[in-house]
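Each remark here refers to the structure printed beneath this line.
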Number of protein chains: 2
Amino acid sequence: MQLSCIGIMVARMCERCNYAEMLEGHGVDTTPLREAVLRSVGDESRPLAAAEIMAAVRSRMSINKVTLYRILDLLVDKGLVKRLLAGDRAFRYGMGETRHHPDHPHFVCSRCRVMECLGPDLLPVGIKKFQTKGKRIIKHVDVRFEGICERCLKAGT
Amino acid sequence: MQLSCIGIMVARMCERCNYAEMLEGHGVDTTPLREAVLRSVGDESRPLAAAEIMAAVRSRMSINKVTLYRILDLLVDKGLVKRLLAGDRAFRYGMGETRHHPDHPHFVCSRCRVMECLGPDLLPVGIKKFQTKGKRIIKHVDVRFEGICERCLKAGT
DNA sequence: TTGGGCTTGCAACTCAGTTGCATAGGCATT
DNA sequence: AATGCCTATGCAACTGAGTTGCAAGCCCAA
Ligand SMILES: [Mn+2]
Ligand SMILES: [Mn+2]
Ligand SMILES: [Zn+2]
Ligand SMILES: [Zn+2]
């Protein structure tokens, strides 16, 4: 089923994800707030700042700022969510790697600071072979493209 | 002349850089503080946080926090210095690209958060070809390796 | 029913950087 | 010399994003 062909289903970005199930699968007890936070991240096509996640969760239920940050810490810690750097002082949060969501680079617009996901095919080759080089241990590689996004380009100067 | 063969010369990381000259060459009037900030960045082999730069400058002269941030903004704006992301909330500052300092990726230790420069040869190939792909304009690509540094490995658990 | 461990909330705090406004020097114009 | 303007610097107060400390509520086990 295509995402573009329907109305009510479009609300969920990833219809293959059962968020409660994902939580339990990673050893995290499900609570309404945890599920709502994970859903807010998973339903978006781009990584969100904490303030955006808070707004999304609050459109459905009430949540405190501290609780949100604690849930995000937990989800990042358990690998369900990935904390990303956009170049400003606010972290972005996107879904962690799974079979459906392979590792991929991101693009950040230096004008509006919106972050977008790029295809995994844009991950430059030759990255894996550095994992063992030198005396340091390399755990992961982060590739971030920066420039001007389509929306800002259209908006002109 | 090799960096490793001498005593007194070792203090300066880059003996090819005349910092006052670099400032003027980028259209920035030289002042003692600007030169000291640029020197503090250029003399280090790794990118520094603002607090570290402040300590380095203050070992030679007096500088206010706001002045430091304004000088860093200016140097970044003029391309003399590059603002880098380490994964915590503090930016790091390293020398901008020149003939002597080509673009290169960085490594950040997720335990101690120290950032190190890696050789330009570790820049994965195939990055340049994405510059024109899609409707967005890509200005630069940032590659960041993360893991455990040599010092933290030696220090054990 | 009592106690311990989670989960959440609220207030206060921290850290890194920013803003507003004042002061001081340099140079040109009168 | 006096005036005005422009730039560089300093000081105090502020901001935004995230953190800490502690209390309250809930669940289940003993
Ligand atoms: Mn992504
Ligand atoms: Mn570097
Ligand atoms: Zn944009
Ligand atoms: Zn380390």
Side-chain angles (χ1 to χ4, degrees), chain A residues 19-20 23-24 26-38 40-41 47-58 60-78 80-94 108 112-115, chain B residues 19-20 23-24 26-38 40-41 47-58 60-78 80-94 108 112-115:
Chain A
Y19 296 113
L23 287 165
E24 302 292 345
H26 283 74
V28 179
D29 286 346
T30 297
T31 71
L33 287 180
R34 285 172 180 174
E35 198 181 332
V37 169
L38 185 57
S40 298
V41 172
L48 299 181
E52 296 173 300
I53 298 171
M54 189 139 74
V57 172
R58 282 189 167 159
R60 316 192 84 254
M61 59 189 84
S62 157
I63 189 174
N64 179 272
K65 176 176 77 150
V66 178
T67 304
L68 171 61
Y69 282 116
R70 282 197 283 234
I71 291 176
L72 287 173
D73 283 351
L74 176 70
L75 299 184
V76 168
D77 190 65
K78 298 298 184 185
L80 282 156
V81 161
K82 210 166 180 181
R83 181 178 277 127
L84 301 163
L85 307 176
D88 55 18
R89 327 211 58 251
F91 296 118
R92 302 297 194 280
Y93 299 89
V108 176
C112 68
R113 286 295 156 194
V114 162
M115 178 176 267
Chain B
Y19 296 114
L23 287 165
E24 301 292 345
H26 283 72
V28 178
D29 287 345
T30 296
T31 70
L33 288 180
R34 285 172 181 175
E35 198 181 332
V37 170
L38 184 58
S40 298
V41 172
L48 299 181
E52 296 173 299
I53 298 171
M54 188 136 76
V57 172
R58 281 189 168 159
R60 317 191 84 253
M61 59 189 86
S62 158
I63 189 174
N64 180 272
K65 178 176 76 151
V66 178
T67 304
L68 171 61
Y69 282 116
R70 282 197 283 233
I71 290 176
L72 286 172
D73 283 350
L74 176 70
L75 298 183
V76 167
D77 191 63
K78 298 298 183 184
L80 281 156
V81 161
K82 210 166 179 179
R83 180 177 279 128
L84 300 163
L85 307 175
D88 55 19
R89 326 211 60 252
F91 295 119
R92 302 296 194 281
Y93 298 90
V108 176
C112 68
R113 285 296 157 193
V114 161
M115 178 177 269

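Each chain gets a letter, A, B and so on, in the order the sequences are listed, and its residues count up from 1.
- Atom pair A/Ile53:CD1 and D/dA17:C1' shows a separation of 13 Å (rounding to whole Å applied).
- Residues B/Val57 and B/Ser40 share a closest heavy-atom pair of CG2-OG, 3.5 Å.
- One can place CZ of A/Arg34 at 10 Å from C1' of C/dT8, the figure rounded to the nearest angstrom.
- Atoms CG (B/Asp77) and P (D/dA8) sit 13 Å apart, rounded to a whole Å.
- What separates CD of B/Glu35 from P of D/dT9 is a distance of 12 Å, to the nearest Å.
- A donor-acceptor contact shorter than 3.5 Å is absent between the side chain of B/Arg34 and the backbone of B/Ile71.
- Per the geometry, CE belonging to A/Met61 stands 15 Å off C1' belonging to C/dT7, to the nearest Å.
- The side chain of A/Asn64 contributes no N or O atom lying less than 4.0 Å from OP1 or OP2 of C/dT8.
- Here A/Thr67 reaches the OP1 or OP2 of C/dG9: one of its side-chain N or O atoms lies under 4.0 Å away.
- Judged by distance alone, the side chain of B/Glu24 and the main-chain N or O of B/Thr30 form a donor-acceptor pair under 3.5 Å.
- Between the CG atom of A/Leu74 and the P atom of C/dT7 there is a distance of 8 Å, rounded to whole Å.
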Which nucleotides of nucleotides 12-22 of chain C have their base under 4.0 Å from a protein heavy atom (B), which only their sugar-phosphate (S), and which neither (-), written as one string 5' to 3'? ----SBBBB--

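- Exactly one of A/Leu48, A/Val37, A/Leu72, A/Leu84 qualifies for a side-chain contact (heavy atoms from CB on, under 4.5 Å) with A/Tyr93. That residue is A/Leu72.
- The shortest distance between the side-chain N/O atoms of B/Thr31 and the OP1/OP2 oxygens of D/dT9 is below 4.0 Å.
- Annotation for B/Ala86 and B/Met115: closest pair CA-CE, 3.9 Å, computed over non-hydrogen atoms.
- The distance from atom CE of A/Met54 to atom P of D/dA17 is 10 Å, rounded to the nearest whole Å.
- The residue B/Ser62 sits close only to the backbone: its heavy atoms come under 4.0 Å of sugar-phosphate atoms, none of a base.
- The pair B/Arg83-B/Asp73 meets the salt-bridge criterion, since a charged nitrogen lies less than 4.0 angstrom from a carboxylate oxygen.
- At distances below 3.5 Å, not a single donor-acceptor pair connects side-chain atoms of B/Arg113 with backbone N or O atoms of B/Val108.
- A/Ile63 has its CD1 atom 8 Å from the P atom of C/dT8, to the nearest Å.
- Surrounding CZ of B/Arg58 are more than 12 heavy atoms belonging to other residues, nucleotides or ligands, all under 6.0 Å away.
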Below 3.5 Å is the cut-off: list the nitrogen or oxygen pairs between protein and nucleotides 24-29 of chain D, distance only.
none

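- Under the 4.5 Å side-chain criterion, counting only non-hydrogen atoms from C-beta, A/Leu80 is not in contact with A/Leu74.
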